[in-house]
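Some notes on the structure that comes next.
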Protein chains: 2
Amino acid sequence: METAPVVDLETLRRNCANCSLRQLCLPAGIVASDVERLDRVVKRRKPVARGEHLFRVGSGAARIYVAREGSFKTVACSADGEQQVIGFHLPGELIGLDALGHGQHRCDAIALENARVCEVPLEELHHVAAQVPGLQRQLLRVIGRSMGRDQDHLEMMSRRQANDRVMLFLHSLSQRFETLGQDGSAFALPMTREDIGSYLGLVIETVSRSFTKLQDDGVIAVRGRQVRLLQQRQIADAVHGHALH
Amino acid sequence: METAPVVDLETLRRNCANCSLRQLCLPAGIVASDVERLDRVVKRRKPVARGEHLFRVGSGAARIYVAREGSFKTVACSADGEQQVIGFHLPGELIGLDALGHGQHRCDAIALENARVCEVPLEELHHVAAQVPGLQRQLLRVIGRSMGRDQDHLEMMSRRQANDRVMLFLHSLSQRFETLGQDGSAFALPMTREDIGSYLGLVIETVSRSFTKLQDDGVIAVRGRQVRLLQQRQIADAVHGHALH
DNA sequence: CGGGAAATTGAGTACGTTCAACGTTAGTGG
DNA sequence: CCACTAACGTTGAACGTACTCAATTTCCCG
């Protein structure tokens with residue numbers, strides 16, 4: 001138990017109105033009084049440790065989550081136990097939308113680092129959204145952005161050359177870090193090479209070789225999980241299909 | 001121009017309450033009086049001819065569409081003009097969600113056959129959804145199903161073997177036809193081999209060879225676009241990862 | 001019936017996978 | 001604080017599958 005003043009500070013620091021992700025999250029574009037109503041249905045969950053599951057395949061979809069600190073991966077499991085990483089979720093990005101369709105999660109969500117999430121009960125969100133017109137729109141916008149990232153993923157998978165896939169991947173991450181107000185040209189990968197390989201449909205060795213190749217070509221600098229994009233122009237060109245050969 | 005009685009029949013046949021797709025579409029689970037309110041904002045569009053665009057990259061996202069008769073493909077265009085089929089849309093399935101995120105369509109939508117769509121202005125849908133709680137939920141369910149199909153697509157792309165991709169593709173189509181109340185074990189592909197190849201990340205020759213191989217193995221029977229699934233068990237096994245070797 | 005697109009088939013090549021060995025990093029306990 | 005260990009990552013050589021290029025056949029629509 002804590003004394004009253006401390007609780008207040010904690011509350012203040014933690015609610016939507018004061019969240020650094022506010023612009024990216026559900027409250028964006030909603031007037032202060034309505035943010036308060038939204039805030040009341042958002043549960044702050046205790047931290048999720050690295051490697052811990054946020055939810056699992058088959059569990060009900062009573063809530064959606066927003067990564068608040070730390071990033072997550074979602075992993076689809078075939079019946080035979082083969083796994084595939086289908087998404088990475090940086091702070092401000094929604095997790096758990098996969099269950100909207102049939103009420104059951106189709107994938108596992110696992111924390112890539114020690115993380116923290118906001119938890120939004122769907123039923124209560126519906127109630128608030130019905131009363132706050134802007135929230136409904138914003139919910140669809142956020143869902144739409146999530147679908148856009150899925151489409152980006154698909155575009156990566158459709159590239160024939162492993163190098164192109166990796167460049168697209170780095171470009172996508174770069175943009176998302178910049179959206180978070182961080183440096184998009186130098187960042188730490190929160191995931192392993194194995195995760196990247198699974199996400200891109202490549203084996204780990206190929207990912208490793210691609211990183212090495214891109215470094216040799218002077219396009220990026222890699223050291224472990226630390227990455228710097230040296231020739232953003234070249235990467236952007238590859239993204240737009242003007243291949244380098 | 002038509003005489004009054006004919007118009008009435010047309011109207012009756014065309015509105016949501018009498019649509020054969022009702023169970024799959026936005027009205028599902030909404031009481032009759034509310035269906036009427038939804039119905040009032042749904043515009044029936046004049047038929048879309050085979051090969052015609054429903055919308056194009058960059059156009060605003062004022063509306064979403066539901067395929068009513070005939071199917072569609074959505075095609076993403078890289079800046080260099082390279083195209084990739086990112087989705088097929090059978091009757092009852094939503095088209096145009098790709099613009100929810102940023103208000104602009106990221107792909108072209110093209111009719112694969114002479115088709116007909118329902119057109120739903122987003123702004124008006126928001127209004128009705130705010131008043132009809134069930135509609136909001138149903139909209140999210142339909143969106144969720146659409147995301148589920150995207151995830152299925154991704155799972156196809158992640159398969160290493162071309163045969164597996166094609167089998168997953170046929171399985172997915174089969175299920176969707178059955179949802180429509182049609183025969184899931186024998187159907188006509190609405191799209192070309194080229195479309196299939198683009199969708200699966202394979203060249204057209206590989207798609208052709210896979211069809212031939214699957215036919216030689218007795219798994220399917222193909223003749224042009226007419227397909228029959230002979231060993232659904234084997235296909236289901238492949239889908240679940242128990243490869244055939 | 002003719003023309004053009006769609007689909008099939010064949011041979012050679014390129015790229016990523018597989019299998020295997022080695023290096024490196026980070027987290028743990030003595 | 002350092003040694004130890006296991007997970008993570010890199011590099012190399014041989015192989016296999018899908019791609020490329022090219023020729024031919026089938027199908028569909030006017």
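Here is how names work: the chains are called A, B, and so on, in the same order as the sequence lines, proteins then strands, and each is numbered from 1. Values in this document were obtained by computation on a predicted structure and should not be read as measured data. Worth knowing before you read on, the calculation uses all heavy atoms, side chains too, and leaves out hydrogens, waters and symmetry mates.
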Interatomic distance, L200(B) CG vs dA18(D) C1' [rounded to whole Å]: 13 Å
Name the residue closer to the 5' end of DNA chain D, choosing between I204(A) and R50(B) according to the nucleotide with the nearest heavy atom. I204(A)
Looking at every strand, decide which applies to Q161(A) at a 4.0 Å heavy-atom threshold: base, sugar-phosphate, or nothing. sugar-phosphate
When rounded to whole Å, the CZ to C1' distance for the pair R165(B) and dA18(D) reads 9 Å
Would you indicate whether R225(B), at its atom CZ, is surrounded by more than 12 heavy atoms from other residues, nucleotides or ligands within a distance under 6.0 Å? yes
Give a yes or no on whether a donor-acceptor pair under 3.5 Å exists between the nucleobase atoms of dT26(D), that is its base, and the side chain of R193(B). no
Please say whether more than 12 non-hydrogen atoms of neighbouring residues, nucleotides or ligands are located less than 6.0 Å from CZ in R50(B). no
Contact boundaries of DNA chain C with chain A (under 4.0 Å, heavy atoms), 5' to 3'? dC15(C) to dT25(C)
Contact between L24(B) and L180(B) at the side-chain level, heavy atoms closer than 4.5 Å - yes or no? yes
For R225(B), report the nucleic acid contact type (base, sugar-phosphate, nothing); a contact means any heavy atom under 4.0 Å. sugar-phosphate
For the pair made of CG in N114(B) and P in dC29(D), what is the distance, rounded to whole Å? 10 Å
Let me know the distance between CD1 of I196(A) and P of dC8(D), rounded to the nearest Å. 13 Å
Would you mind classifying the nucleic acid contact of R160(B) as base, sugar-phosphate or nothing, using non-hydrogen atoms under 4.0 angstrom? sugar-phosphate
Within this structure, what is the CD-to-P distance between E113(B) and dC28(D), rounded to whole angstrom? 14 Å
Count the heavy atoms of every other residue, nucleotide or ligand shown that sit under 6.0 Å from CD of E178(B), and state whether that count exceeds 12. yes
Is H105(B) close to R56(B) at the side-chain level, that is, under 4.5 Å between some pair of heavy atoms? no
Is there side-chain contact between L90(B) and R149(B), with at least one heavy-atom pair below 4.5 Å? no
Among R63(B), E119(B), R68(B), whose side-chain contact (heavy atoms from CB on, under 4.5 Å) with R45(B) holds? E119(B)
Is any side-chain nitrogen or oxygen of T212(A) closer than 4.0 Å to OP1 or OP2 of dT11(D)? yes
Under 4.0 Å, counting only non-hydrogen atoms across every strand here, what does T206(A) touch: a base, just sugar-phosphate, or nothing? base
Can a cation-pi geometry be assigned to R176(A) and F88(A), taking NZ or CZ under 6.0 Å from the six-membered ring centre and within 45° of the ring axis? no
Nearest-nucleotide 5' precedence on DNA chain C, V207(A) against G224(A): V207(A)
Just how far, in rounded Å, is P of dG9(D) from CG of L202(A)? 15 Å
If I take atom CZ in residue R223(A) and atom P in nucleotide dG9(D), what distance separates them, rounded to the nearest angstrom? 13 Å
Listed nucleotide nearest any side-chain atom of S208(A), set dA13(D), dG9(D), dT10(D): dT10(D)
Across the strands shown, which category fits G197(B) at heavy-atom distances under 4.0 angstrom: base, sugar-phosphate, nothing? nothing
What is the distance, rounded to the nearest whole Å, between atom CD of E194(A) and atom C1' of dA6(D)? 14 Å
